[in-house]
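These notes concern the structure reproduced below.
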Amino acid sequence: MNPAAQKKRLILMVAINLACFIAAGAAIVGHVSMGVGWLLPVFVVFILGGVAAQVWFLVGWAKSSRPPAGGVQ
């Protein structure tokens, strides 16, 4: 496992999640308080984007933690 690559991946995932959280929050506030109907699908897209970033991080972590194909590290 390469700690520098994992740290970079973690920081990127956190940044993507933060951006998606802020955008999703703005979208749901706009949908609920202002009645803008098209903001509900935007909200869902940003939530799915945050989840996708977490899945990307976990898959990368699992791949880097796996032993090589020969079974010897």
Side-chain angles (χ1 to χ4, degrees):
M1 181 183 315
N2 183 355
Q6 286 302 98
K7 182 177 180 181
K8 182 179 177 182
R9 186 180 293 266
L10 174 67
I11 291 171
L12 186 57
M13 188 241 349
V14 169
I16 292 170
N17 276 313
L18 182 61
C20 286
F21 176 76
I22 292 169
I28 200 66
V29 166
H31 174 70
V32 172
S33 67
M34 297 180 203
V36 181
W38 60 267
L39 282 176
L40 185 58
V42 172
F43 168 75
V44 172
V45 166
F46 281 118
I47 292 297
L48 292 175
V51 170
Q54 293 177 14
V55 169
W56 169 76
F57 173 74
L58 290 174
V59 167
W61 187 14
K63 283 183 180 179
S64 70
S65 298
R66 195 173 9 178
V72 179
Q73 284 184 318

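What you see is a predicted model; the values in this text were computed from it and never measured.
Hydrophobic clustering keeps F43 apart from F21 (ILVMFWY residues linked when any side-chain heavy atoms are closer than 4.5 Å, directly or through intermediates). In terms of hydrophobic clustering, with Ile, Leu, Val, Met, Phe, Trp and Tyr side chains grouped at heavy-atom distances under 4.5 Å, F57 and L18 are assigned to different clusters. Under a hydrophobic clustering in which Ile, Leu, Val, Met, Phe, Trp and Tyr are joined whenever their side-chain heavy atoms come within less than 4.5 Å, directly or via other members, F46 and M34 fall into the same cluster.
Rounded to the nearest 0.5 Å, atoms CD1 (I11) and NZ (K7) are 5.0 Å apart. Put simply, CZ on R9 and CG on N2 are 10.5 Å apart, with the number rounded to the nearest 0.5 Å.
With I28 as the fixed residue, the side chain to side chain contact (heavy atoms under 4.5 Å, CB included) test singles out one of L39, V42, L40, V44: L40.
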**Study point:** H31/W38 under side chain to side chain contact (heavy atoms under 4.5 Å, CB included): CA gap, chis, key distance, verdict
**Key:** CA-CA 8 Å; H31 174 70; W38 60 267; over 6 Å; no
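Closest heavy-atom contact between S33 and V29: OG-O, 2.6 Å. Closest approach of M13 to A53, counting heavy atoms only: CG-O, 3.3 Å. The two residues W56 and L12 come nearest to each other via the heavy atoms CH2-CD2, 3.6 Å. Across every non-hydrogen atom of C20 and G49, the tightest pair is SG-C, 3.9 Å.
Looking only at distances, a side-chain donor or acceptor of S64 sits under 3.5 Å from a matching main-chain atom of W61.
A heavy-atom distance below 4.5 Å is found between the side chains of K63 and V59.
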